[in-house]
Amino acid sequence: MPELPEVETMVRGIRPALLGRTIVRASLSHIDVLRGVTRPRLLRILTGATIHDVTRRAKHGVIHLERYRFVLQPGMTGNLLIYDRALAAAESKYAVLRAQLDSGVEFVFRDVRRIGTLLLLDERGWARYDAGLGPEPLDPGLTVEAFAERLRHSRAAIKKVLMDQRRLVGIGNIYANEALFRAGIDPSKPAHRVSAEAWPRLFQHTQRLLRAAIDSEGTTFRDYRTGTGQPGSFQLELMVYERQGEPCRRCGTRLAGTHDIDGRITVFCHRCQG
DNA sequence: ACGAGGTCCTGCGAGC
DNA sequence: TGCTCGCAGGACCTCG
């Protein structure tokens, strides 16, 4: 489930191969991933386009073309991949978008479940898209005050608020669970009741967690791979996610699992996250 | 304005 | 063995 660290890793992985390259041929196997653009139009614009930059915004990859930004939202099982060889049958089966570069390398958006989406935005569209997203948690300009201010007014559970991309981007279910454990905050606590002294802790642990996960090239359970096809390794460092029923790594208490918040699996330690 | 809940997708594993 | 069903969840939508 690509969240900020996974998308950052994929973008870093594909960037060197894409930078300055021209797309000589493009194909799209399913149109249900497209938003606001038709297949003929997308392929017409991609073909012959030169890639000026590849960046990340929130949990999305952004391929900068001359007049457009091509936004790839991996969703749950989406991958941004570079191949310097022919694809095996199993690899091409789920290759939703394929783009041959003038270097001979192939860029692929692979997505088994196709919850992922593709957007082609002009400058106005990009501005609207960007404005609808919250700040980047690793932006050096983001202060603890601004972080807390954006989250603390909601009456919803802090875990749900932390995952709300309009308030703060990049955090999904895995890192929300992990950040709240590391900060010692009960995931079900309404955000407006989180204590003043807990916000700096949450801010610091969230940043530290995301940086560590990037260093480990993300968390791989099943589908996620780096831009060059390697699994990440942060799954080895998870404290709570996928560990319900197992002992807390800090105090040994049996970790609780619940679907009570936003219908998503929440794992936490009753003792460490009182 | 805000929050809750439904929908899209397919592979996988549990249960019968 | 072979089937059904529930679940995984990011983004987006509608409804209250």
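In the text below, chain A, chain B and the rest are named by the order of the sequence lines, each starting its count at 1.
- There is a side-chain donor-acceptor pair under 3.5 Å between Ser188(A) and Asp186(A).
- Among the nucleotides dT10(B), dG11(B), dG10(C), the one closest to the side chain of Arg114(A) is dT10(B).
- As judged by a 4.0 angstrom heavy-atom cut-off over every strand, Arg222(A) is placed among residues touching the sugar-phosphate backbone only.
- For the pair Gln73(A) and dC12(C), the criterion of a side-chain N or O lying under 4.0 Å from OP1 or OP2 is met.
- What separates CG of Leu168(A) from C1' of dA11(C) is a distance of 16 Å, to the nearest Å.
- Between the side chains of His64(A) and Thr55(A), at least one donor N or O lies within less than 3.5 Å of an accepting N or O.
- Here the C1' atom of nucleotide dG9(C) and the CD1 atom of Ile261(A) are 15 Å apart, to the nearest Å.
- Heavy atoms of other residues, nucleotides or ligands lying less than 6.0 angstrom from CZ of Arg85(A) number more than 12.
- Hydrophobic clustering of Ile, Leu, Val, Met, Phe, Trp and Tyr side chains at less than 4.5 Å, counting indirect connections, unites Leu180(A) with Phe203(A).
- Taking atom CZ on Phe109(A) and atom P on dC9(B), their separation rounds to 14 Å, with Å as the unit.
- The distance from atom CE of Met10(A) to atom P of dG10(C) is 13 Å, rounded to the nearest whole Å.
- One finds no salt bridge joining Arg124(A) and Asp122(A) here, because no Lys/Arg side-chain nitrogen approaches an Asp/Glu carboxylate oxygen to under 4.0 Å.
- One N or O on the side chain of Arg243(A) and one on the backbone of Met239(A) form a donor-acceptor pair closer than 3.5 Å.
- Side-chain atoms of Gln235(A) and Tyr224(A) form no donor-acceptor pair, as typed in the model, at a separation below 3.5 Å.
- Across the protein-nucleic acid pair, Tyr94(A) atom OH and dC12(B) atom P stand 7 Å apart, rounded to whole Å.
- Distance CG (Leu133(A)) to C1' (dA11(C)): 10 Å, rounded to an integer number of Å.
- Rounded to an integer number of Å, the gap from Leu119(A) CG to dG10(C) P is 17 Å.
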Can you check nucleotides 2-4 of chain B for protein contacts, nitrogen or oxygen pairs under 3.5 Å, and list what you find?
unit_1: dG3(B); atom_1: OP1; unit_2: Ser154(A); atom_2: OG; d: 2.6
unit_1: dG3(B); atom_1: OP1; unit_2: Arg155(A); atom_2: N; d: 3.3
unit_1: dG3(B); atom_1: OP2; unit_2: Arg167(A); atom_2: NH2; d: 2.9

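- Counting heavy-atom neighbours within 6.0 Å of Leu19(A) CG, excluding the residue itself, gives a total above 12.
- Residue contacts for Phe221(A): at a heavy-atom cut-off of 4.0 Å it reaches no nucleic acid atom on any strand shown.
- Asp262(A) comes within 4.0 angstrom of nothing in the nucleic acid, heavy atoms only.
- Not a single donor-acceptor pair under 3.5 Å links the side chain of Glu136(A) to the backbone N or O of Arg57(A).
- The distance from atom CZ of Arg110(A) to atom P of dC9(B) is 19 Å, rounded to the nearest whole Å.
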Taking only N/O atoms, report every protein-nucleotides 5-8 of chain C pair under 3.5 Å with atom names and distance.
unit_1: dA8(C); atom_1: OP1; unit_2: His259(A); atom_2: NE2; d: 2.6
unit_1: dA8(C); atom_1: OP2; unit_2: His259(A); atom_2: NE2; d: 3.1
unit_1: dA8(C); atom_1: N3; unit_2: Arg113(A); atom_2: NH1; d: 2.4

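- Taking for each of Arg35(A) and Lys93(A) the nucleotide of DNA chain B with the nearest heavy atom, the 5'-most of the two is the partner of Arg35(A).
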